[in-house]
Amino acid sequence: MAKLRVLYETGEPERIIEFDPALAPFQHDGEPGSILDVLLGHGVHLEHACGGNCACTTCHVIVKSGMVHLSENSETEDDLLDKAPGLTPTSRLGCQAIIDGGEVAVLVPRYTINQQV
Amino acid sequence: MSDLTTRTETEAGSAVSSGPRAAYEATVERIFRHTPDTRSFFLRLPDGLHLTCKAGQFISLLLPVAGETLIRPYSIASSPEEGNLLEICLNLVPDGPGSHYLFARTVGETLRFTGPWGTFVFDQLPQAECVFIADGTGIAPIRPMIRRALASGQQSPVQLLYSALRECDLLYRQEWAAYARACPWFVFTPLLSNPSDGWSGLCGPLVEYVERHYISRDGDRSRHFYICGVGQQVTQLRDLLRRAGYQRRAVQYEKW
């Protein structure tokens, strides 16, 4: 089993999802087993304007812990993150970062929710 | 996908949503058939709704298919200056529920969307030769970029390298020819991968052409590239150009 903890910069209550990575995909948007896939598949919204196809930055999240449990960034993801507002050293795109197990905590930035980028 | 359900209200131009993102309604005003499997949809926004778009951005259509709301991004092929009439251009994708849904739409129907979105944008012409590379319907976001580049008044060299399967798949061809006549600094280079016998222009793989003309031919690495198309070819071009010495941020792309 794996655990995904979601914190919100807006102050919304955090969400904790426990799931079995082997059961991915949990729905049809984003990479199977990605943060986006896990969230949507468990009824938790994360913006993904391009449909989870690595073509925008609206699913930008900031990894607070558990980076070691996430897949490597691709160059395409890095190029998009390069244009994400509020980029941090631990920024990832939710549609691309695949959780392979363990415990991961991510912060959903305020501008991910409120800005159209 | 209950997280994406939206509530429609009747006020024109109102951003209506019980979900996380405001959605708008647009009316299909016109449908243009480029080829049997490629169409442009002209979407009229409600009076009073003014979207602030940048050349190259897309909207995300929210399509009700099989009891779900599919999110499908489509680049805006019209210019931001065209006001509240947006053009999207797409081809019918085999087994693609989004494009099949859209190809079944008729004039007067409404579509819901969010946006504009996207960071593959063109704000101003760089002080360098600018090469736009499009493959097939990848011309959609490139079109407003070229219009913006040519309208800037700056006479830096601008090239459109447009790859398509057949001659009929070269969209907006008359527009490119007209720009080439009006702006001597604009060069339109069509390239076909499966030409008919009567085609006298360039043919062959896009990646090979790019390697010959922008890498092997000279040592100039100051050009800026804007690339859009379908599949791995786009990232192949990105890697090819960056590895040849073009600056990372001078190679912008959108891969569908």
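Every heavy atom of this structure was used, including side-chain atoms; hydrogens, water molecules and symmetry mates were not. Reminder, nothing fancy here: chain letters follow the sequence lines and each chain counts from 1. On a predicted model such as this, the values are computed, not experimentally measured, just so you know.
Within a 6.0 Å radius of CD in B/Q247, no more than 12 heavy atoms belonging to other residues, nucleotides or ligands are found.
When all heavy atoms of A/A49 and B/F58 are compared, the pair lying nearest together is O-CE1, 4.0 Å. In terms of heavy atoms, A/G51 sits closest to B/I71 at N-CG2, 3.9 Å.
With chain A as the partner, the residue from B/R249, B/K255, B/K54 showing the most heavy-atom pairs under 4.5 Å is B/R249. When the candidates A/C50, A/G41, A/G52 are compared by the number of heavy-atom contacts under 4.5 Å with chain B, A/C50 comes out ahead.
Between B/R242 and A/D79, at least one side-chain N (NZ, or NE/NH1/NH2) sits under 4.0 Å from a carboxylate O, which counts as a salt bridge.
Distance check, rounded to the nearest 0.5 Å: CD of B/E254 to CG of A/L80 gives 8.5 Å.
With a 4.5 Å cut-off on side-chain heavy atoms, B/V121 and A/K83 do not count as touching. The shortest distance between side-chain heavy atoms of B/Y253 and A/T76 falls below 4.5 Å.
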